[in-house]
Amino acid sequence: MEQSKKVILTGDRPTGKLHLGHYVGSLQNRIKLQEEYKQFILIADVQALTDNFENPEKVRNNVIEVALDYLAVGLKPDLNTFIIQSMVPELSELTIYYLNLVTLARLQRNPTVKDEMQQKGFGTNLPAGFLIYPVSQAADITAFKADLVPVGGDQLPMIEQTNEIVRRFNYIYKTNALIECEALVSDIERLPGTDGQAKMSKSLDNSIYISDTADEIARKVKGMYTDPSHIRVEDPGKVEGNPVFTYLDAFDDDQEKVKELKEHYQRGGLGDVAVKQRLTDILVSTFEPVRQKRVEFEQDKDAVMKMLFDGTKKAREVAAKTLADVKKAMLLEYA
Ligand code: TRP
């Protein structure tokens, strides 16, 4: 019953390989939902350029890296439609029409955009393209008539803004061409960096990548931030804000054991080395098969690109249909 399947649209900016934060934040949900839903997965190169326009090589080179990560974690080409965003110009066209329905003040109030603006230190040199990326994201979501959008928690304001645009569009142009979507946020909201910072980020060099080798994983876990006042093994330690335990929460199948370890750590008598060893073993056994699968896909990059082109072609047909409905509603139907 292909027809009755609900639609998912998600995506990632191709600015680097995907890390464990992506894995717990959205990839796991996508893997779980790929059978039940019709899932579109967007490699958002247009969006990536909004804050990387001076580094086109970076964006270009990471399109295939992200695709390899998708395949390696188990997203199946026959169950998902993978899309290269820039090859669907209908998305840009939709963006232009939606921009009329959004005020500058509303864009400046978007908390995610605000955070990112500050982080990147744009100051008064804010590129207009960056400021409006939530509108282009609304185009992505609505073009495929997505019912559900599995994203990290930082993307919630994007979903809210998308639904505002949908309601305004349908109201002003007296249509039901666009549909509202729902966000699906993972139980584990966000995985901290190995340095204990709130988020994994390429620039902070605090990420463990899905494609890391066993040695890299071991090295990174060894260097992980823990409770700085937990100096000797007998000292009582803190588990809150201790990324080693946050990672165990996310990846250890034996949560009873994790509870025990936490209690032991808090009482004192459990060393960082032992807990980190457990985490290393778990991460290696989870991600070593993923890495090996990735190496296999890497052998035939042409096949991976072809998969992206096939998906993009299919996606373009869907987006073109939505664009036609939108233009009709806006009386832009001349022939
Ligand atoms: N903003 C997302 C990110 O930074 C990427 C993205 C682009 C996206 N378009 C989307 C996510 C549509 C969900 C839906 O990773």
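Starting from 1, each residue takes its place in the sequence as its number. Order of appearance sets the numbers: ligands from 1, and atoms from 1 within every ligand.
Contact annotation for Q47 and ligand 1: only side-chain heavy atoms (C-beta onward) come within less than 4.0 Å of the ligand. Only side-chain heavy atoms of Q155 come within less than 4.0 Å of ligand 1; its backbone N, CA, C and O stay farther off.
With values rounded to the nearest 0.5 angstrom, E180 atom CD is found 13.5 Å from K145 atom NZ. Atoms CD and CG, from E54 and D51 in turn, are 10.5 Å apart once rounded to the nearest 0.5 Å.
Note on K17 versus D212: no salt bridge recorded, every NZ/NE/NH1/NH2 to OD/OE distance being 4.0 Å or above. One finds no salt bridge joining E288 and K293 here, because no Lys/Arg side-chain nitrogen approaches an Asp/Glu carboxylate oxygen to under 4.0 Å.
Every atom of ligand 1 with a heavy atom of D140 under 4.0 Å away is listed here by number and element: 7 (C), 9 (N), 10 (C). Interface atoms of ligand 1 facing A44, defined by a heavy-atom separation under 4.0 Å, are 7 (C). Listed by number with element, the atoms of ligand 1 under 4.0 Å from a non-hydrogen atom of L9 are 12 (C), 14 (C).
A cation-pi arrangement, defined by a distance under 6.0 Å to the six-membered ring centre and an angle within 45 degrees of its axis, is present between R13 and Y133.
Atom CG of D205 is surrounded by 12 or fewer heavy atoms from other residues, nucleotides or ligands within 6.0 Å.
Among protein heavy atoms, atom 4 (O) of ligand 1 sits closest to R13 NE, 3.2 Å. Protein heavy atom nearest atom 6 (C) of ligand 1, with residue, atom name and distance: Q137 OE1, 3.8 Å.
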